Amino acid sequence: VTLSSSNTQGDPAMRVFSFHLMPYPALPPGYDGPAWITCPNALFDPAVGHEIYNRYLDELVYADELGFDGVCINEHHQNAYGIMPSPNLMASILARQTKRCKIAIVGNALPLYDPPTRVAEEFAMIDCISGGRLIAGFVVGGGPEYYSFSINPAHARERFYEAHDLIIKAWTEPGPFEFIGKHYQIRYVNTWPRPVQQPHPEVWIPGVGSLETMEFVARHHYAYMGIPYFHINVFERTFRMFREACEREGYEADPQQMGWLEPIYVAETDEQARREYEDHFFYFVKRLLPGINIQPPGYTTLRSMESMLKGLNTFAINLENWDQVVEGQYAIVGSPDTVYEKLVENLRRLGTGNLLGLFQLGTLPGDLTRRNLELFATEVMPRLKREFPEGVRILPDASAGAVA
Amino acid sequence: MAPLTEEKVSTSIGKQSVWRAGPPDGPTLVYLHSATGEVPLAPVLEDLAETYQVVAPLFPGFGESEGIDQINDIEDAVFHLLDLWDALGLSERGAAVVGASLGGWMAAELAMRYPSSTSHLVLVNPAGLFIENHPIKEIFGRQPAELAEDLFADQHHPMAEMMHQFQAVVDSKAEIPFDLMKPMLQSLAATAKVAWNPYLHDPKLLRRLYRVTAATLVVHGADDRLIPREHAVAYAEAIGGARLVDVEGAGHLLPLEKPAELAALIRGFVPAAG
């Protein structure tokens with residue numbers, strides 16, 4: 001029997017976040033091309049843009065009012081999947097319009113910022129405005145972004161690591177100092193403002209299963225956010241690999257170092273939930289995912305590529321029917337009881353201390369999104385909080401012991 | 001036909017795979033390959049080895065050639081070629097150089113920066129230039145079948161057929177053995193190190209080409225759908241005394257599609273005895 005310190009102290013309470021991708025819901029029916037890189041921007045209707053930016057922001061503010069622990073936004077460029085090229089603009093609005101919740105930017109694609117001190121500045125601004133509610137996410141950037149920015153994908157990771165070092169140094173070491181790296185050379189680093197949270201905000205790194213990213217997160221004791229759209233078995237493997245990476249660093253992973261991102265839809269009954277949700281989900285899968293999985297040359301090491309290919313045939317883009325969605329847990333959809341039970345089962349299986357729900361997906365309209373958030377916040381979230389209180393292990397002891 | 005054999009040559013960035021064939025006392029003919037790394041599959045080299053001492057190095061990242069992590073742009077590529085020239089004993093007297101596509105770009109850069117390195121320059125559908133309104137088509141992120149259409153005039157060439165078969169496997173969503181994909185991923189990644197941005201060109205090359213002193217032959221495949229003819233014309237106009245030849249029925253990978261025609265052109269251009 002292994003008694004680790006976490007076993008005796010138990011885990012922190014489960015945190016629940018509302019994540020918004022801000023999808024473009026109005027691709028014309030006749031368009032069957034990719035949603036990324038070459039998706040013609042003539043298809044973007046600014047009138048729709050005006051409506052949905054404001055609606056989506058309202059949905060995030062509503063999550064704060066409903067008592068979610070936090071809201072999440074992310075960064076993508078030149079695509080219909082998520083029209084948030086600047087999550088920092090959104091976060092600055094949320095910093096004013098939300099009152100209590102954490103604001104997780106998951107994240108800024110560091111290699112696309114030159115110089116990356118821009119990220120240190122803007123994140124610190126948001127942390128100051130929100131009174132220390134920022135979660136600072138850093139991301140390498142998706143494959144399509146290396147086409148959209150013409151940044152050499154072979155340098156993606158080098159630039160990411162170097163930009164990360166620069167940002168953390170800008171937050172933690174007194175300026176001015178000189179930073180001379182391979183990709184960035186700045187004679188005077190002296191970031192004003194500095195973040196409210198000291199030494200710096202909590203850092204989250206999203207990933208799709210690349211070993212390099214996991215090892216980096218484990219080494220720095222950051223949190224790893226598993227990106228969805230894969231079979232639940234792939235998630236299970238991903239978080240097991242992450243826990244193993246932490247063990248190689250000589251410590252047991254804290255569940256708060258892991259987040260599970262999952263589409264969630266709650267209605268009165270299972271039948272109603274599926275009836276209301278299915279088409280909107282498949283708009284997302286069939287219209288907005290195509291093109292996301294492009295792997296530019298040199299973007300991933302062969303070692304990671306080989307590992308990631310193992311899960312590739314379970315990528316959601318290959319889904320053809322609802323049975324597959326249910327079987328692989330690509331979305332948790334149903335009555336409050338069903339959703340609660342499935343979430344508990346999976347959280348116990350994955351061992352993550354953060355649940356990141358996508359409560360709006362694809363073309364899901366505003367009224368259904370709000371009711372989804374309400375039902376979740378009143379009928380599911382309180383039970384989850386009771387199921388996973390502070391001091392209790394999320395992973396059953398059997399699985400926790402198995403890795404010792 | 002003299003079969004090529006592989007040997008390893010040491011350079012400052014690691015061991016390089018160099019394929020050779022032909023009479024040791026024959027004039028040296030260096031072949032710089034395209035982004036497909038076609039060296040072991042190119043019968044034109046065995047043909048040329050009847051006349052020349054053919055030396056075909058694989059660029060770092062291709063096959064077993066090491067050191068791609070040390071190469072970040074075309075200048076690094078040229079410095080690597082200088083190392084290779086030293087290692088192969090070519091720096092003193094120079095060599096005749098044939099470069100195809102990506103290799104043509106490298107050959108032109110080397111001949112422009114270090115004129116004594118190159119006695120004769122044969123550029124086959126060379127990349128390397130930006131010509132307004134005549135862009136080089138995308139090679140990264142394409143489907144194998146689309147790429148085959150752009151690379152070959154004849155879709156029944158064995159390599160084109162292989163690419164179409166590969167497309168069928170991709171479309172069937174069957175699991176592709178990683179060992180099969182690995183060489184392709186490696187060559188594209190190596191190409192991207194040099195050619196991602198600026199895309200397959202050096203903005204300064206064109207106005208510096210006047211420095212090339214090598215006798216130059218530019219060969220254009222009349223059915224090249226990847227690089228427009230304007231690029232071949234620009235090379236031929238910028239390099240003093242250069243000659244431009246169009247080869248009918250040849251696509252971008254002309255050395256694979258028209259090996260006999262290319263060998264004949266080279267024999268008519270590079271003297272057989274030194």
Side-chain angles (χ1 to χ4, degrees), chain A residues 33-34 36-39 78-79 111-112 114 141-159 161-162 181-183 212 231 234 290-320 324, chain B residues 35-37 59-64 66-77 102 130 135-144 146-147 169-203:
Chain A
W36 297 78
I37 306 176
T38 55
C39 183
Q78 303 194 166
N79 76 101
L112 311 183
D114 196 355
E145 267 105 31
Y146 285 82
Y147 286 88
S148 297
F149 275 68
S150 281
I151 287 174
N152 199 320
H155 298 152
R157 272 159 213 284
E158 280 183 10
R159 283 172 76 103
Y161 296 139
E162 197 175 304
K182 178 177 170 187
H183 297 281
E212 273 81 10
H231 194 285
V234 175
I292 194 176
N293 48 341
I294 196 166
Q295 290 273 335
Y299 172 71
T300 315
T301 62
L302 290 176
R303 186 171 76 112
S304 281
M305 181 84 100
E306 190 170 7
S307 153
M308 283 157 62
L309 278 174
K310 285 177 194 151
L312 200 63
N313 54 1
T314 79
F315 188 53
I317 211 164
N318 297 320
L319 290 172
E320 294 301 338
Q324 293 171 326
Chain B
T36 57
F59 191 70
F62 288 81
E64 291 175 9
E66 301 172 344
I68 188 61
D69 52 322
Q70 299 294 313
I71 290 181
N72 289 307
D73 55 24
I74 188 66
E75 188 183 28
D76 291 339
L102 174 72
F130 173 80
I136 301 177
K137 266 203 199 163
E138 182 70 89
I139 59 167
F140 299 116
R142 304 282 306 280
Q143 293 290 313
E146 297 174 346
L147 210 48
V169 178
V170 171
D171 291 343
S172 75
K173 293 188 174 132
E175 203 156 312
I176 302 157
F178 191 66
D179 286 342
L180 216 73
M181 295 172 62
K182 213 167 136 179
M184 210 159 39
L185 293 171
Q186 276 177 310
S187 355
L188 276 172
T191 303
K193 284 299 288 281
V194 177
W196 185 265
N197 184 21
Y199 177 63
L200 275 169
H201 76 280
D202 168 3

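Just so you know, these numbers use all the heavy atoms, side chains as well, and skip hydrogens, waters and symmetry mates. Just so it is clear, the structure is predicted and the values come from calculations on it, not from any experiment. Lettering of chains follows the sequences in order, A, B, ..., and the numbering in each one begins at 1.
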S.K.: If I measure from the heavy atoms of chain B, does A:Ile151 come under 4.5 Å with its side chain, its backbone, both, or neither?
M.R.: backbone
S.K.: B:Lys182: what forms a salt bridge (charged side-chain N to carboxylate O under 4.0 Å, His left out) with it, not counting sequence neighbours?
M.R.: none
S.K.: If you count heavy-atom pairs within less than 4.5 Å of chain A, which of B:Asp69, B:Ile68, B:Asn72 leads?
M.R.: B:Asn72
S.K.: Counting distance only, does the side-chain N/O of A:Asn152 pair as donor-acceptor with the main-chain N or O of B:Asn197 below 3.5 Å?
M.R.: no
S.K.: For B:Glu75, give me all partners under salt bridge (charged side-chain N to carboxylate O under 4.0 Å, His left out), at least two apart in sequence or on another chain.
M.R.: none
S.K.: Taking everything shown except A:Gln324 itself, do over 12 heavy atoms lie less than 6.0 Å from its CD?
M.R.: yes
S.K.: Among A:Ala154, A:Pro296, A:Pro153, A:Gly298, which residue forms the greatest number of heavy-atom pairs with chain B at distances under 4.5 Å?
M.R.: A:Pro153
S.K.: With a 4.5 angstrom heavy-atom cut-off, which part of A:Leu302 approaches chain B: side chain, backbone, both or neither?
M.R.: both
S.K.: Below 4.5 Å from any heavy atom of chain B, which atoms of A:Tyr147 appear? Answer side chain, backbone, both or neither.
M.R.: both
S.K.: With a 4.5 angstrom heavy-atom cut-off, could you sort out which part of B:Leu185 is near chain A: side chain, backbone, both or neither?
M.R.: side chain
S.K.: Please state whether the side chain, the backbone, both or neither of B:Phe140 comes within less than 4.5 Å of a heavy atom of chain A.
M.R.: both
